[in-house]
Amino acid sequence: MRIIPLLVLVAVLAIFNRINAAPPEPLFRVQEIDSNIQIGYGIAVADVDGDGKLDILLADQRSVQWYQNPTWKRHLICENLTERDNVCIAARDLDGDGKAEIAIGAQWNPGETDDPAKSGGVFYLIPQKDRTQPWEAVKLHHEPTVHRMHWVHASSGAWDLIVKPLHGRGNRNNAGDGSRVYAYRKPANPRDSWALALVSDFTHASHNFHPIRWSDSPEHEILTAAKEGVFRFGREGEAWKKSQISDVWTGEIRDGRLPNGGRLLGTIEPMHGGTVSIYTGSKSGDGPWKRQVLDDTLKDGHAVVMGDFLGTGSDQIVAGWRAMNPKGSPGVRLYTPLDPEGLNWRTSQISGDSVAIEDIKSADLDGDGKPDLILAGRQTHNLQILWNQTSSSR
């Protein structure tokens, strides 16, 4: 009769120990799928050919290409659209046919803020029936120094392309008019004129932004990182309204959840900076946010992603740097919260000199339930997959 209570106690202690155990250390297997890229400005992940598998897309210096899952065969989408570099890419299935629509930003010329003929370009790409063949590029309105773009869901159910320049027109030394961020509404015939709606026109040196869904509404809001700090934008009717989260100059930003369910932001500060910080807030995202520095030793930080890479039921932060200016050793680190409130964190190095990070994206590429990482290296001229081999702690 005494055996049953003892077994219950053992089971309770086992559950307690599992709940309170430290998260597992990350384990990734490296696969290089291209060792001959030029710069690797921007990565996107989407199903290009409609086979149900996520493919990798890359906006490289002079070309845009996709790598077909699972062979990772390279297919050229377009090349040499402008006299200067491509700089960003957005890919998403907009019409529900299982195949991604693609837009790119090009003519990257950050020193030219006056003349849109010499700086910036936005293109919507139309595929042939065989999507492995070159795509048609439709030129859209643009501002100088086009730098980042995302497909963002509107309350109407439409998908808008939001495009953000790095600088405002006529800017000098990160000062002057703010950059004009527009939402582009895709018409039924994408070769027709696209309607524009102004999202923002006051930020400077705004390096990155990120779509979020913090409410029950299906439409996206956005987080923007800029010299002025971090802002959250949401629609009120057709207008965009802002609220400020931080006044610290921020270059990269992503959102996630703490173990206690609270909102979590991960940043690199300032633009191309060396500091990884977090901001913690309420579950709704309202109210004041608390800033905490996790790491101030990066060199030329250039990418942040968030996800549950360790299978803990909450998110971790991945930050990468390219060490171009200031020069040094590039790398990628994963930061793990060790308590429910995110007061204590563990730092794990997961990549080093083999890839100088220009961009990072995360997605479950093999359907095993674990998010993998895709890395594009600038000075190292390579594209890698880090396959997630971590044993789940759950």
Exceeds 12 heavy-atom contacts within 6.0 angstrom, atom [atom1] of [X]:
{"X": "Asn36", "atom1": "CG", "value": "no"}
{"X": "Lys242", "atom1": "NZ", "value": "no"}
{"X": "Asp95", "atom1": "CG", "value": "yes"}

- Derivation and outcome, salt bridge (charged side-chain N to carboxylate O under 4.0 Å, His left out), residues Glu358 and Arg322: CA-CA 6 Å; Glu358 184 72 10; Arg322 58 188 184 179; 2.8 Å; yes

- Examine distances only and state if a side-chain atom of Asp115 and a backbone atom of Ser119 form a donor-acceptor pair shorter than 3.5 Å. no

Verify the distance criterion only: is there a donor paired with an acceptor across the side chains of [X] and [Y] at less than 3.5 Å?
{"X": "Ser246", "Y": "Tyr279", "answer": "yes"}
{"X": "Asp49", "Y": "Gln68", "answer": "yes"}
{"X": "Thr275", "Y": "Glu269", "answer": "no"}
{"X": "Thr297", "Y": "Arg333", "answer": "yes"}
{"X": "Glu228", "Y": "Thr203", "answer": "no"}
{"X": "Gln133", "Y": "Gln128", "answer": "no"}
{"X": "Asn208", "Y": "Glu252", "answer": "yes"}
{"X": "Asp339", "Y": "Asn344", "answer": "yes"}
{"X": "Thr113", "Y": "Arg172", "answer": "yes"}

- Evaluation steps, side-chain hydrogen bond (donor to acceptor under 3.5 Å, both in side chains), between Ser215 and Glu219: CA-CA 9 Å; Ser215 67; Glu219 68 181 309; over 6 Å; no

Give a yes or no on whether [X] and [Y] share a hydrophobic cluster (residues Ile, Leu, Val, Met, Phe, Trp, Tyr; joining criterion: side-chain heavy atoms under 4.5 Å apart).
{"X": "Met149", "Y": "Leu58", "value": "no"}
{"X": "Ile245", "Y": "Ile212", "value": "yes"}
{"X": "Leu94", "Y": "Leu57", "value": "no"}

salt_bridge([X], [Y]) N-O dist < 4.0 Å:
{"X": "Asp359", "Y": "Lys361", "answer": "yes"}
{"X": "Glu143", "Y": "Arg169", "answer": "yes"}
{"X": "Arg232", "Y": "Glu221", "answer": "yes"}
{"X": "Glu136", "Y": "Arg191", "answer": "yes"}
{"X": "Lys99", "Y": "Asp47", "answer": "no"}
{"X": "Lys118", "Y": "Glu83", "answer": "no"}

- Item | Separation between CD1 of Ile268 and CZ of Arg254, rounded to the nearest 0.5 Å | 10.0 Å

- Query: Between atom OG1 of Thr280 and atom CZ of Arg263, what is the distance when rounded to the nearest 0.5 Å?
  - Reply: 13.0 Å

- Does Tyr182 have any ring pair (Phe, Tyr, Trp, His ring centres under 6.0 Å) partners at least two apart in sequence or in another chain, and if so, which? His141

- Message: His150: which residues meet the ring pair (Phe, Tyr, Trp, His ring centres under 6.0 Å) condition with it, sequence neighbours left out?
- Response: Phe209

- Please test Gln61 against Asn86 for side-chain hydrogen bond (donor to acceptor under 3.5 Å, both in side chains), starting from the C-alpha separation and ending with a verdict. CA-CA 5 Å; Gln61 184 175 23; Asn86 304 312; over 6 Å; no

- Task: List the steps, then state whether salt bridge (charged side-chain N to carboxylate O under 4.0 Å, His left out) holds for Asp160 with Arg235.
- Result: CA-CA 12 Å; Asp160 292 338; Arg235 287 184 177 96; 2.7 Å; yes

Not counting sequence neighbours, list each pair that qualifies as a ring pair (Phe, Tyr, Trp, His ring centres under 6.0 Å) and has a residue in [range].
{"range": "residues 226-257", "answer": "Phe202-Phe231"}
{"range": "residues 109-134", "answer": "Tyr124-Trp194"}
{"range": "residues 49-89", "answer": "Trp66-His75"}
{"range": "residues 320-346", "answer": "none"}

- Between His302 and His207, does the ring centroid distance fall short of 6.0 Å? yes

